[in-house]
**Q** 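I have a structure I would like to understand better, so I am pasting it below and will then ask my questions one at a time.
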Amino acid sequence: MAATPAPPGAPAKPTWDPRKIDAPFPWLRPTIRIRLTLLYGGMFLIAGILLLSIIYLLAAQALNTGNEPLFKIVGGREIRVTSDNCPQASSGNLLIPEFNAAISACTDHQRQVALDNLLSRSLLALLGLAVIAFAFGYAMAGRVLSPLGRITRTARAVAGSDLSRRIELDGPDDELKELSDTFDEMLERLQRAFTAQQRFVGNASHELRTPLAINRTLLEVHLSDPGAPVELQQLGKTLLATNERSEQLVEGLLLLARSDNQIVERKPVDLAEVADRAVDQALSEADAKGVQIRGERGPAVVQGNGVLLERIALNLVQNAVRYNVKEEGWVEVTTEAQHGQAVLVVTNTGPVVPAYEIDSLFEPFRRLRTERTGSDKGVGLGLSIARSVARAHGGRIIAEPREGGGLVMRVTLPI
């Protein structure tokens, strides 16, 4: 009897598991808590020892009155008392009560002088130790927290769509090492998910476009037959329009899926040139609707994807042309560079748009009221795509109601 083949082995597990502690004595790990406790406890102990030593030396110096006594008794038959430290005790012949009072006053005076000197010198010593402690603590905190700076720089690089970056932090097995390993594992999963999404978008693009293209070709072939009945031709035109709308919907969804990610490959793109191309593409539709397109477009160079940026301008210009007034309508398209940003502004006449409905315009498949639901005006993804592309370039798009009707669409991108 042949031996049954062994089942395939399980995939290798990550080298670090956040739910598992390998150390037999976890409290012996050199964690940041233990290191900071030892560091600050040691600093406090050293500072206390130094301060006590300094106070002891100052107190010893303050209490050292020298070898000479405070008072001297001089004279022959008459006893006189002199003192260099207490002049009030050497004012002449003193009676015993007066002499005792002078001694008490002199002792109090000497004690007060010693305390004042001790206080002033202790404050100076404390100030010096405080400066040293702050400087040493600042240096040690920077050394302990330096891995956080590395993690932050890697996170910023990842935010710029460089998912291949890893922290790979070396050092003791502490909380920061666990954080960096967890972050690296998360980046690995994100990169795999991002790659899978790109592959899915590419496959879906091919699988969805092919049948729609075949349907369009078949419908066009049947419509080109002059002997086809009128009813069949009318049905073919309806199906062809529906197929065209489906193609637009698929293209919009795929573009929306791609534009939700950051732009990896960037090239210099002039928004003025992009806006001119969008205006040229929408000019025939604008002439058919009697809408005038105007505006001055100054140079505004940004780093980005020219095709996606052109889609922003084209969507905004087409929306401005389609959702306009029936007579004497106009669309103004301007570009300029100001305050370190490139600005594209598309202003149009049109129906009055309430301010509370502005945000809903950027949602997929959302239109404003019933006059914006016609099939000849798109599939409801134009502004959603424009916002996603702007975000992917690190910019934003803002819509504001125009006084008298219409909208003011402002796109700002970093230069």
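Every heavy atom of this structure was used, including side-chain atoms; hydrogens, water molecules and symmetry mates were not.
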**Q** Is Asn324 reaching over with its side chain to a backbone N or O of Gly329, donor-acceptor style, under 3.5 angstrom?
**A** no
**Q** Rounded at 0.5 Å granularity, tell me how far CG in Leu51 sits from CD1 in Ile46.
**A**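 Interatomic distance, Leu51 CG to Ile46 CD1, rounded to 0.5 Å: 13.5 Å.
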**Q** Side-chain contact test, heavy atoms from C-beta onward, threshold under 4.5 Å: evaluate it for Leu344 versus Val333 and give yes or no.
**A**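 Leu344 vs Val333: side chains touch.
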**Q** Taking C-beta and beyond as the side chain, do Leu309 and His393 meet within less than 4.5 Å on heavy atoms?
**A** yes
**Q** Rounded to the nearest 0.5 Å, how far apart are CZ of Arg216 and CG of Leu219?
**A** 9.5 Å
**Q** Give the C-alpha distance, both sets of side-chain angles, the deciding distance and a yes or no for salt bridge (charged side-chain N to carboxylate O under 4.0 Å, His left out) between Arg297 and Glu273.
**A** CA-CA 8 Å; Arg297 291 173 281 279; Glu273 182 179 357; over 6 Å; no
**Q** So, the side chain of Ser384 versus the backbone of Phe362: is there a donor-acceptor pair under 3.5 Å, distance only?
**A** yes
**Q** Go through it in stages, so that I can follow the logic: the residues are Leu407 and Arg402, the test is side chain to side chain contact (heavy atoms under 4.5 Å, CB included), and I'd like the CA-CA distance, side-chain angles, deciding distance and then a yes or no.
**A** CA-CA 5 Å; Leu407 290 173; Arg402 175 183 168 274; 5.8 Å; no
**Q** Evaluate the side chain to side chain contact (heavy atoms under 4.5 Å, CB included) criterion for residues Arg410 and Val343: first the C-alpha distance (whole Å), next the side-chain angles of each, then the deciding distance (0.1 Å), finally the verdict.
**A** CA-CA 7 Å; Arg410 182 182 302 272; Val343 182; 3.8 Å; yes
**Q** With no hydrogens and no angle check, is any side-chain donor or acceptor of Asn243 less than 3.5 Å from a backbone partner on Leu212?
**A** yes
**Q** Are a donor atom and an acceptor atom from the side chains of Gln281 and Glu310 found within less than 3.5 Å of each other?
**A** yes
**Q** Could you give the distance from CG (Leu223) to CD (Glu220), rounded to the nearest 0.5 Å?
**A**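 Here the interatomic distance stands at 8.0 Å.
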**Q** Take Glu185 and Arg189 through the test salt bridge (charged side-chain N to carboxylate O under 4.0 Å, His left out) and record every step on the way to the result.
**A** CA-CA 6 Å; Glu185 184 179 357; Arg189 294 181 179 179; 3.0 Å; yes
**Q** Please assess Ile385 against Asn315 for the test side chain to side chain contact (heavy atoms under 4.5 Å, CB included), listing each intermediate value before the final yes or no.
**A** CA-CA 8 Å; Ile385 294 174; Asn315 287 350; 3.9 Å; yes
**Q** Hey, does Lys267 have a side-chain heavy atom less than 4.5 Å from the side chain of Asn305?
**A** no
**Q** CG of Leu50 to CD1 of Ile132: how many Å apart, nearest 0.5 Å?
**A**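 Leu50 CG to Ile132 CD1: 8.0 Å, rounded to 0.5 Å.
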**Q** Walk me through it: do Ile398 and Glu400 pass the test side chain to side chain contact (heavy atoms under 4.5 Å, CB included)?
**A** CA-CA 7 Å; Ile398 301 175; Glu400 297 177 354; 4.2 Å; yes
**Q** For Thr349 and Trp330, indicate whether the former's side chain and the latter's backbone hold a donor-acceptor pair under 3.5 Å.
**A** yes
